Amino acid sequence: QVVVDETGMNMPTNGKMTRAVTGEKNLLPVCYGKVKFGATSYSGTPNFTITKIAVGEYDITCPQFGPNTVIVLTMNEYVGGTYSYPIVENRPAGSKTYRVQFYNTATSSHREAGFSFVAYQND
């Protein structure tokens with residue numbers, strides 16, 4: 001069932017966009033963004049913040065995050081060399097913050113990167 005709100009947007013009556021194959025799981029992201037190399041700037045939805053913790057380590061904080069948040073992340077800028085897959089974890093567990101870490105296997109150290117992400121709350 002779909003209704004049209006005062007701005008002309010089609011919105012489901014329960015606030016979630018779903019499909020029969022996904023059941024009640026919401027297909028709309030809670031936030032998304034693009035973070036420039038070294039977190040020098042970022043853009044995206046207004047409900048998240050980025051904090052650079054250390055070289056190659058960033059915190060994404062969003063009030064809609066929870067323990068079942070799913071984050072899809074793509075690295076789009078890097079120093080060079082061979083990077084392992086980005087590490088994304090809820091830290092501290094149960095918080096509204098997810099830590100992203102980039103590790104360069106050639107230098108055995110964290111390295112700067114730029115990335116894009118889309119986050120879904122899996123409730």
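Each residue takes its place number in the sequence, starting with 1. Since the model is a prediction, treat every value here as computed from it, not as a measurement.
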Subject >> Residues in side-chain hydrogen bond (donor to acceptor under 3.5 Å, both in side chains) contact with R99, at least two apart in sequence or another chain >> reply: D59
**OP:** Would you give the length of the straight line joining atom CG of N104 to atom OG1 of T82, rounded to the nearest 0.5 angstrom?
**Re:** 6.5 Å
Subject >> Side-chain hydrophobic cluster, 4.5 Å single linkage: members besides V55 >> reply: none
Original post:
Side chains of S116 and K34: closer than 4.5 Å at any heavy-atom pair?
Top reply: yes
Original post:
Mind checking what makes side chain to side chain contact (heavy atoms under 4.5 Å, CB included) contact with S84, not counting sequence neighbours?
Top reply: Y103, T105
**OP:** Can you see which heavy atom on N76 is nearest to which on T74, and at what distance?
**Re:** OD1-O, 3.2 Å
**OP:** Report the distance from atom CD of Q64 to atom CG of N26, rounding to the nearest 0.5 Å.
**Re:** 11.5 Å
Original post:
Taking only residues two or more places apart in sequence, or in another chain, which ones meet T97 in a side-chain hydrogen bond (donor to acceptor under 3.5 Å, both in side chains)?
Top reply: T61
Original post:
Among pairs that include at least one residue of residues 60-73, which meet salt bridge (charged side-chain N to carboxylate O under 4.0 Å, His left out), considering only residues two or more places apart or in two chains?
Top reply: none
Original post:
What pairs with N68 under side-chain hydrogen bond (donor to acceptor under 3.5 Å, both in side chains), at least two apart in sequence or on another chain?
Top reply: none
Original post:
What salt bridge (charged side-chain N to carboxylate O under 4.0 Å, His left out) pairs are there with at least one residue in residues 35-52, not counting sequence neighbours?
Top reply: K36-E77, K52-E112
**OP:** Sequence neighbours left out, what passes side-chain hydrogen bond (donor to acceptor under 3.5 Å, both in side chains) with T107? Give chain and number order.
**Re:** S109
**OP:** Among residues two or more places apart or on two chains, list those pairs meeting salt bridge (charged side-chain N to carboxylate O under 4.0 Å, His left out) that have a residue in residues 37-47.
**Re:** none
Original post:
Considering all heavy atoms of both residues, which atom of G56 and which atom of H110 are nearest to each other, and what is their separation?
Top reply: O-CD2, 4.2 Å
Original post:
Linking Ile, Leu, Val, Met, Phe, Trp and Tyr by side-chain heavy atoms under 4.5 Å, what else ends up with L27?
Top reply: none
Original post:
Quick one: hydrophobic cluster around I71, which other residues, with the 4.5 Å side-chain cut-off, linked directly or via members?
Top reply: V30, V35, F37, Y42, F48, I50, Y58, I60, F65, L73, M75, Y78, V79, Y83, V88, Y98, V100, F102, F115, F117
Subject >> Heavy-atom closest pair, residues P29 and V118 >> reply: CB-CG1, 3.6 Å
